[in-house]
Amino acid sequence: MQEAVNQQQVLDSAEIRKDFPILERSVQGKPLVYLDNAATTQKPRSVIDAEAEYYLKHNANVHRGIHTLAEEATEAYECTRDRIASWIGGVAREEVIFTRGTTEAINLVAHSWGGANIGKGDRIVLTQMEHHANLVPWIQLAKKNGAELAYLPIDGEGRLDLSSMDSIITPNTKLVAITQMSNVLGTINPAAEVAARAHSVGAVVLADGAQSAPHMPVDVKVLGVDFFAFSGHKMLGPTGVGALWGRRELLEAMEPWQTGGEMILLVKWDRATWAELPHKFEAGTPNIAGVAAWSKAFDYLDRFGMDAVRSHEVEWTRYTMNRLLGLGFVNIFGPKDVEERGSAISFEVEGVHPHDLAQFLDSRGVAVRAGHHCAQPLTKLLGQTSTTRASGYLYNTTAESDRLAEALLEAKKYFG
Ligand code: 7TS
């Protein structure tokens, strides 16, 4: 898979799989069917090699030493920042802050922007389908600063119900934080529409892109949001790296969240001033190897283009949902129309507990996730304590969906 592929071409998953060494392994004596991509994706050899190559040839700390290795390390690290800046719609590189992932990016905004701008009587609006990463930081902030929380509801098919949006996003709303794609329901949210309403009352908008950035084209300017958070490990990159994009005026006005080395301009015994963006928000030694290798994940996805990745997943999701529904005992949560959703398919099998089911599927080599998927209030709203989730990516084939369906049939017989 060395040459650029025509972006219109449907992806050749069989060929793509050859770039992912882990997909060749067996689990419980069966060829692995990896369908836990919403939790984390597998890595192509180019990403794995880049991380090793960094340690083998370039390892040094960034932004400090005036020696060749330090310059190479800094260049590799900063090169990924440029990559991200263009990848999310051509923003300024200074507006891209490296974090450990989506969770840390949202915590940064909650502490640094929220702590200073959300006070008593102010409102924070979220949706009923948020991952805990875009829920708990706001619960904590609301508690600390005396703000109130309100939620945009979901309809019976797990789509955002915007009919009451104007009465929920009130003039005292200071922040609207929504996921662009649900990790449980798969729902793709009309973030731009919500952002427009939020801005009309002067609120700031954060989009959680943990599930959207890996699976569809993202342009933060088209979305019209003010902050955008996402993770490297859900898009073929290493674990422990992620990014926050924020509008420059907001970032410049914010106090740093973490303080220490790398982020200062001047330090006296009793005070300190801060470095320019983005360094103000990057205290301490970052995951340099991870950031350097993340750029290879962008290279990999760019061979196909995100339109092609999205098209592949729409077809894979359509096939998989039809296959599961065809079994007659599977109930899928979230939108039925594949154009309205991503490839995370959460479901219940009548009479079988999700944990038992996941364990049974594992015995057949099929990796899925069972649980509340870090969205406890949503899972409860769906009337469940947990669900089973199969989630696909560009290397998943319909033959694997058949393996999933066959294993579900066996499980139903076994437990039924
Ligand atoms: N937001 C959403 C929508 C997510 O799906 C996740 C992770 C996060 C935020 C947090 O990302 P992190 O990289 O900081 O951990 N979602 C999942 C999942 O669905 N199963 O495992 C992790």
Side-chain angles (χ1 to χ4, degrees), residues 34-43 84 97-111 126-140 151-152 154 158-160 176-189 191 194 205-216 218 223 225 227-245 257 286-287 290-291 294 297 313 333-334 341-347 354-355 358 367-379 382 384 386-393:
Y34 185 79
L35 296 176
D36 196 15
N37 293 288
T40 197
T41 63
Q42 300 303 347
K43 322 302 174 199
I84 292 172
I97 316 292
F98 284 118
T99 65
R100 284 191 297 124
T102 307
T103 302
E104 190 174 67
I106 296 173
N107 273 275
L108 191 167
V109 177
H111 284 81
L126 311 172
T127 78
Q128 287 181 332
M129 65 173 92
E130 297 311 314
H131 183 281
H132 295 163
N134 197 31
L135 175 54
V136 184
W138 306 117
I139 292 175
Q140 292 302 92
Y151 294 87
L152 293 167
I154 57 171
R159 292 171 297 217
L160 266 196
V176 177
I178 70 166
T179 189
Q180 199 188 354
M181 186 191 283
S182 166
N183 66 317
V184 177
L185 304 162
T187 316
I188 297 170
N189 285 321
V194 175
V205 182
L206 177 143
D208 173 348
Q211 296 295 341
S212 57
H215 300 283
M216 58 195 274
V218 168
L223 279 181
V225 297
F227 292 109
F228 187 81
F230 62 113
S231 301
H233 70 99
K234 291 187 196 287
M235 53 189 304
L236 312 181
T239 54
V241 293
L244 171 71
W245 168 79
W257 172 32
N287 182 351
V291 167
W294 190 7
E313 288 187 27
F333 301 101
R341 62 173 300 144
S343 62
I345 307 170
S346 295
F347 58 92
H355 290 112
V368 297
R369 186 173 172 188
H372 52 64
H373 314 299
C374 301
Q376 283 183 353
L378 171 64
T379 305
L382 297 174
Q384 308 294 312
S386 62
T387 62
T388 309
R389 183 185 68 189
S391 51
Y393 208 13

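Just follow the structure's listing: the first ligand is 1, and inside any ligand the first atom is 1.
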Counting only heavy atoms, which portion of [X] has something under 4.0 Å from ligand 1: side chain, backbone, both, or neither?
X: T179; value: side chain
X: S231; value: side chain
X: E130; value: neither
X: K234; value: side chain
X: H233; value: side chain

Task: Protein contact to atom 21 (O) of ligand 1 [nearest heavy atom, distance to 0.1 Å] - done: R369 NH1, 2.7 Å
Open item on the list: How far is atom 4 (C) of ligand 1 from the closest protein heavy atom, and which atom is that?
Closed with: H131 CD2, 3.3 Å
Task: Proximal candidate to atom 9 (C) of ligand 1 [heavy atom criterion; set V241, D208, N183, N107] - done: D208
Open item on the list: Judged on heavy-atom distance to atom 5 (O) of ligand 1, which of E104, R389, Q211, H372 sits nearest?
Closed with: Q211
- [ ] For the pair H132 and H372, name the ring-plane relationship: parallel under 30°, tilted 30 to 60°, perpendicular over 60°.
- [x] tilted
Judged by non-hydrogen atoms, does [X] sit under 4.0 Å from ligand 1?
X: H132; result: no
X: G242; result: no
X: R100; result: no
X: N134; result: no

Open item on the list: So, taking the atom named CG in N134 and the one named CD1 in I178, what distance separates them when rounded to the nearest 0.5 Å?
Closed with: 9.0 Å
TODO: May I ask you to list the atoms of ligand 1 that are less than 4.0 angstrom from any heavy atom of A210?
DONE: 1 (N), 2 (C), 4 (C), 6 (C), 8 (C), 9 (C)
Task: ring pair (Phe, Tyr, Trp, His ring centres under 6.0 Å), paired with F230, selected from W245, F98, W294 - done: W294
Open item on the list: Side chains of L135 and L126, heavy atoms from C-beta outward: is any pair under 4.5 Å?
Closed with: yes
Open item on the list: Below 3.5 Å, N or O to N or O, backbone or side chain included: is there any such pair between T103 and ligand 1?
Closed with: yes
